[in-house]
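Because only heavy atoms are used, hydrogens play no part in the values below, and waters and symmetry mates are left out as well, while side chains stay in. Bear in mind the structure is a predicted one, so any value in this text is a computation, not a measurement.
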Amino acid sequence: PQIRKEVIENLVFKTIQNVIFSPDRLEIFIQELTNKINTQNKNFDNLKKKNDKDMENIKNKKEKLLTLFLDGFITEEEFKNKNDTLELELIEKIRIQENLNNTKNININDISSYVKKLADALDSQNFTIKKQILQTFVEEIIIYKKSINIKLKFFGLADRDTIGGSGRSR
């Protein structure tokens, strides 16, 4: 016996809706996402601070190098070589700083709202949206003779849902 593609798709989407987007799981999912975002934001802030400190150190080295040159402790050639190296390091740090300044911290409320919109999108008839949801949340689908296993993925959590002939469902 053959199973129509639409039947499998509907089963998969209903499983995602029941497992990931149930009120209890949605809260766990959002909390886990919030924790991940908080960690990323903290790492981002630390990276900015480190880059600022590195830039300040390079500027200090350039000043000391200039002092050494002006006081006659190093030759003009040594000064130019070391200064060029420091200048390249500084340019790289400035580039990193510009990238960091153009990156914004993720707002947790926006994420929560987005995840809830995803849950609503499962009811949509728009297959493109459904396909994106599948790619985001489903690791694999295995079809057996009497059941379908759907392995869900998100942030280290994976659920195995069995739906179909076995009568077991979560």
Side-chain angles (χ1 to χ4, degrees), residues 1-58 89-170:
Q2 293 185 356
I3 301 173
R4 288 190 358 234
K5 178 183 171 194
E6 296 82 22
V7 171
I8 293 173
E9 286 173 355
N10 284 333
L11 285 172
V12 170
F13 288 119
K14 287 295 178 199
T15 298
I16 292 172
Q17 206 164 25
N18 292 336
V19 173
I20 294 178
F21 295 112
S22 70
D24 292 342
R25 285 307 279 275
L26 193 58
E27 198 57 42
I28 292 168
F29 179 69
I30 290 171
Q31 184 58 49
E32 200 170 302
L33 191 56
T34 300
N35 292 343
K36 188 173 183 89
I37 289 168
N38 285 339
T39 300
Q40 286 179 341
N41 286 346
K42 186 177 178 183
N43 290 342
F44 177 79
D45 291 340
N46 289 340
L47 187 59
K48 281 179 86 170
K49 287 176 187 174
K50 183 188 178 314
N51 193 64
D52 289 343
K53 186 177 177 181
D54 289 347
M55 285 177 56
E56 193 60 36
N57 287 340
I58 292 169
E89 288 179 28
L90 187 59
I91 289 169
E92 178 62 19
K93 294 299 178 182
I94 290 170
R95 187 189 63 76
I96 290 170
Q97 183 184 39
E98 287 171 355
N99 287 337
L100 291 172
N101 288 338
N102 290 332
T103 305
K104 68 174 191 166
N105 282 349
I106 300 170
N107 183 326
I108 293 164
N109 293 329
D110 291 344
I111 294 296
S112 179
S113 172
Y114 174 75
V115 170
K116 288 177 181 169
K117 285 180 186 176
L118 277 179
D120 294 339
L122 280 171
D123 292 328
S124 165
Q125 295 304 312
N126 184 334
F127 187 72
T128 304
I129 292 172
K130 287 184 170 186
K131 185 176 178 184
Q132 288 175 336
I133 292 170
L134 270 178
Q135 290 172 341
T136 302
F137 294 102
V138 176
E139 188 168 317
E140 68 181 351
I141 300 170
I142 302 173
I143 302 172
Y144 296 104
K145 202 171 199 173
K146 295 189 179 197
S147 66
I148 300 172
N149 280 355
I150 303 168
K151 186 175 181 185
L152 302 173
K153 63 179 177 185
F154 58 91
F155 303 112
L157 297 180
D159 273 296
R160 191 163 291 279
D161 252 311
T162 305
I163 52 180
S166 69
R168 296 183 342 231
S169 109
R170 285 188 352 184

Just how far is it from atom CZ of Phe44 to atom CG of Leu100, taken to the nearest 0.5 Å?
-> 5.0 Å
What is the distance from atom NZ of Lys48 to atom NZ of Lys50, rounded to the nearest 0.5 Å?
-> 15.5 Å
What residues form a side chain to side chain donor-acceptor pair (under 3.5 Å) with [X], not counting sequence neighbours?
X     : value
Glu89 : none
Asn35 : Gln31
Glu56 : none

Could you pull out all residues at least two apart from Ile94 that satisfy side chain to side chain contact (heavy atoms under 4.5 Å, CB included)?
-> Met55, Leu90, Glu98
In chain order, what residues pass the side chain to side chain contact (heavy atoms under 4.5 Å, CB included) check against Lys42, with sequence neighbours excluded?
-> Asn46
Minimum side-chain heavy-atom gap Asn149-Glu140 below 4.5 Å = no
State, yes or no, whether a side-chain contact exists between Asn43 and Leu47 at a heavy-atom distance under 4.5 Å.
-> no
By salt bridge (charged side-chain N to carboxylate O under 4.0 Å, His left out) - contacts of Asp52 (at least two apart) | none
